[in-house]
Amino acid sequence: MASLIRRQNQQHQKRVQKQWSLLDFEIGKPLGKGKFGRVYLARELKSKFIVALKVIFKEQIEKYKLHHQLKREMEIQTNLRHPNVLRLYGWFHDDDRIYLILEYAHGGELYRQLRKTGHLGERQAATYIASLTQALAYCHEKDVIHRDIKPENLLLDHEGRLKIADFGWSVQSRSKRHTMCGTLDYLAPEMVENKAHDYAVDNWSLGVLCYEFLFGVPPFEAESQTDTFRRIMKVDLSFPSTLHVSSEAKNLISRLLVKDSSKRLLLQKIMEHPWIIKNADPSGTCSKSNP
Ligand SMILES: CCc1cccc(CC)c1NC(=O)n1cc2c(c1)/C(=N\C(=O)c1ccc(N3CCN(C)CC3)cc1)N=N2
């Protein structure tokens, strides 16, 4: 009898995730900082595995009443396994901080690359849009809507592969959502209007991102938030007359930035779009050899 109980206990121990603590890690250089905390390079001492340790201050979470949102982000991201979704391996906390053990993305934030180069070539842009589309299709399959797809939340790994990070605004959704979130530029009309919304908000954001990758600025940028709001509601979309963006690219953008969410191009159809077929690198890395 005792051996049976011991065996069951051992099995239970295996199932319970290891209780991590700061003592398990050697902390390296700071990688970046956000509103609620910082992220550091770190190495797990036993396995020598390199991770990114995101430190979030509990008082900030309490101050902005984001406890349930952070909890939801952690539950969602822990269960997502996709090459274009940043892994959350685990977490732990001490008196005043919460620590997220995240996959390390060696290439840093995509928006820095975008700011440096101004805009991306069509191959690079199509490769990132294809990666994002596949990651979103996977998330939507698991009833997760990200709702905050923007360059600041996209990272690059050591091979230049895109990784969606920061599921802070994502939701596990079976029904329409009503929560307002994110900066205006990337928000779909139904979100900006604080109307019920569903998965298609991520399809809209893909259109905004594709435009920004190719033209270097988001499509509805304006002096004030009110003007951005107006431009989104009117879908006031225009393309700068430039030679480096093909008409297929403009066609894809126009089929995503559609006010009626039921008429936006479906994720599966994005993967079959001529511009994606012609320009996206299936490996997702768009290696330097063919920019
Ligand atoms: C607290 C930070 C934060 C706040 C809000 C949202 C997010 C998601 C993007 C984050 N970041 C986050 O969670 N992160 C999770 C992460 C992560 C950030 C990360 N890497 C980097 O931040 C990074 C930055 C610069 C870098 N170098 C820049 C200079 N180059 C010459 C060499 C490469 C290399 C890596 N890896 N996992």
Side-chain angles (χ1 to χ4, degrees), residues 20 22 25-44 47-61 63-64 66-67 69-93 96-117 124 128 131-132 135-136 139 144-171 181-183 185-187 202 205 208-209 212-213 218 284-286 288:
W20 294 104
L22 214 42
F25 299 93
E26 184 184 2
I27 310 295
K29 63 177 181 174
L31 292 169
K33 64 176 179 296
K35 199 170 169 193
F36 302 107
R38 292 166 174 268
V39 65
Y40 297 88
L41 191 57
R43 178 168 46 196
E44 201 277 319
S47 63
K48 300 269 176 278
F49 193 69
I50 297 288
V51 294
L53 202 59
K54 192 167 183 174
V55 183
I56 299 168
F57 291 100
K58 285 184 178 176
E59 66 176 308
Q60 289 281 41
I61 293 299
K63 181 176 163 192
Y64 293 94
L66 291 171
H67 184 77
Q69 185 174 313
L70 178 64
K71 193 164 166 296
R72 188 174 56 204
E73 170 187 352
M74 289 152 65
E75 277 151 12
I76 288 175
Q77 204 163 347
T78 306
N79 297 319
L80 295 177
R81 300 273 196 286
H82 187 278
N84 299 112
V85 174
L86 198 75
R87 279 294 308 279
L88 171 59
Y89 299 119
W91 63 77
F92 55 94
H93 66 98
D96 42 22
R97 280 166 293 221
I98 298 164
Y99 302 86
L100 304 187
I101 308 166
L102 290 160
E103 174 183 356
Y104 175 50
H106 301 62
E109 293 152 331
L110 190 148
Y111 87 91
R112 283 189 194 285
Q113 188 203 49
L114 199 54
R115 292 287 171 278
K116 204 162 58 184
T117 56
Q124 184 83 65
Y128 286 157
S131 301
L132 273 165
L136 288 174
C139 289
V144 173
I145 314 176
H146 190 281
R147 299 197 309 175
D148 197 14
I149 301 291
K150 55 187 178 194
E152 290 79 353
N153 286 344
L154 304 176
L155 296 167
L156 297 168
D157 73 2
H158 59 293
E159 291 175 305
R161 193 174 282 109
L162 179 140
K163 300 270 177 181
I164 302 182
D166 195 21
F167 278 71
W169 288 104
S170 58
V171 283
C181 63
T183 55
D185 274 315
Y186 302 86
L187 292 186
D202 286 340
S205 303
V208 174
L209 260 178
E212 181 164 5
F213 285 162
T285 57
C286 203
K288 294 287 165 269

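Every number for a ligand or one of its atoms is a count from 1 in the order of the listing. The residues of the chain are indexed from 1 along the displayed sequence.
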Original post:
Is at least one protein non-hydrogen atom found at under 4.0 angstrom from atom 22 (O) of ligand 1?
Top reply: yes
Original post:
Between Lys163 and Pro83, is there a donor-acceptor pair closer than 3.5 Å when you use the side chain of the first and the backbone of the second?
Top reply: yes
Original post:
Under 4.0 Å from atom 31 (C) of ligand 1, do we find at least one protein heavy atom?
Top reply: no
Subject >> Residue selection (non-hydrogen contact nearest atom 9 (C) of ligand 1) among Lys29, Glu109, Glu103, Glu152 >> reply: Glu152
**OP:** Could you tell me which atoms of ligand 1, counted from 1 in the order shown, lie closer than 4.0 angstrom to a heavy atom of Ala52?
**Re:** 16 (C), 36 (N), 37 (N)
Subject >> Main-chain N/O of Asp96 paired with Glu59 side-chain donor or acceptor, under 3.5 Å >> reply: no
Original post:
For Ile145, does its backbone N or O pair with a side-chain atom of Asp202 as donor and acceptor, under 3.5 Å?
Top reply: no
Original post:
In terms of residue, atom name and distance, what is the protein heavy atom nearest to atom 25 (C) of ligand 1?
Top reply: Gly108 CA, 3.7 Å
Original post:
Backbone or side chain, does any N or O of Lys54 fall under 3.5 Å from an N or O of ligand 1?
Top reply: yes
**OP:** Flag the pair Tyr99 / Val55 as yes when at least one side-chain heavy-atom distance between them is below 4.5 Å, and no otherwise.
**Re:** yes
**OP:** Would you mind telling me if ligand 1 is within reach of the side chain of Arg112, the backbone, both or neither, using heavy atoms under 4.0 Å?
**Re:** neither
Subject >> Test side-chain contact (heavy atoms from CB on, under 4.5 Å) applied to Tyr128 and Leu156, Leu209, Leu154, the passing residue >> reply: Leu156
Subject >> Residue pair Leu114 / Glu212, side-chain heavy-atom distance below 4.5 Å >> reply: yes
**OP:** Please work out whether any backbone atom (N, CA, C, O) or any side-chain heavy atom from C-beta onward of Leu155 is under 4.0 Å from ligand 1, and answer side chain, backbone, both or neither.
**Re:** side chain
Original post:
Do you see a protein non-hydrogen atom under 4.0 Å from atom 34 (C) of ligand 1?
Top reply: yes
Original post:
Just to confirm, does any protein heavy atom lie below 4.0 Å from atom 2 (C) of ligand 1?
Top reply: yes
Original post:
Applying a 4.0 Å heavy-atom criterion (strictly less than), which segment of Ala105 is in contact with ligand 1: side chain, backbone, both, or neither?
Top reply: both
Original post:
For ligand 1, which atoms sit closer than 4.0 Å to a heavy atom of Gly34?
Top reply: 1 (C), 4 (C)
Original post:
Is there a side-chain contact between Ile149 and Val208 (heavy atoms, below 4.5 Å)?
Top reply: no
Original post:
Using 30° and 60° as the class limits, which term best fits the ring planes of Phe92 and Phe25: parallel, tilted or perpendicular?
Top reply: parallel
**OP:** Looking only at non-hydrogen atoms, find the nearest pair between Ser205 and Tyr186 and report the distance.
**Re:** OG-O, 3.2 Å
Original post:
Can you tell me the protein heavy atom closest to atom 8 (C) of ligand 1 and the distance?
Top reply: Ala165 CB, 3.7 Å
Original post:
When you check the gap from the basic side-chain N to the acidic O, do Arg161 and Glu159 get nearer than 4.0 Å?
Top reply: yes
**OP:** Considering heavy atoms of the protein only, find what lies nearest to atom 27 (N) of ligand 1 and give residue, atom and distance to 0.1 Å.
**Re:** His106 O, 4.4 Å
**OP:** Any atoms of ligand 1 less than 4.0 Å from a non-hydrogen atom of Gly37? List them with their elements.
**Re:** 1 (C)
Original post:
Under a 4.0 Å heavy-atom limit, does Leu86 contact ligand 1 with its side chain, its backbone, both, or neither?
Top reply: side chain
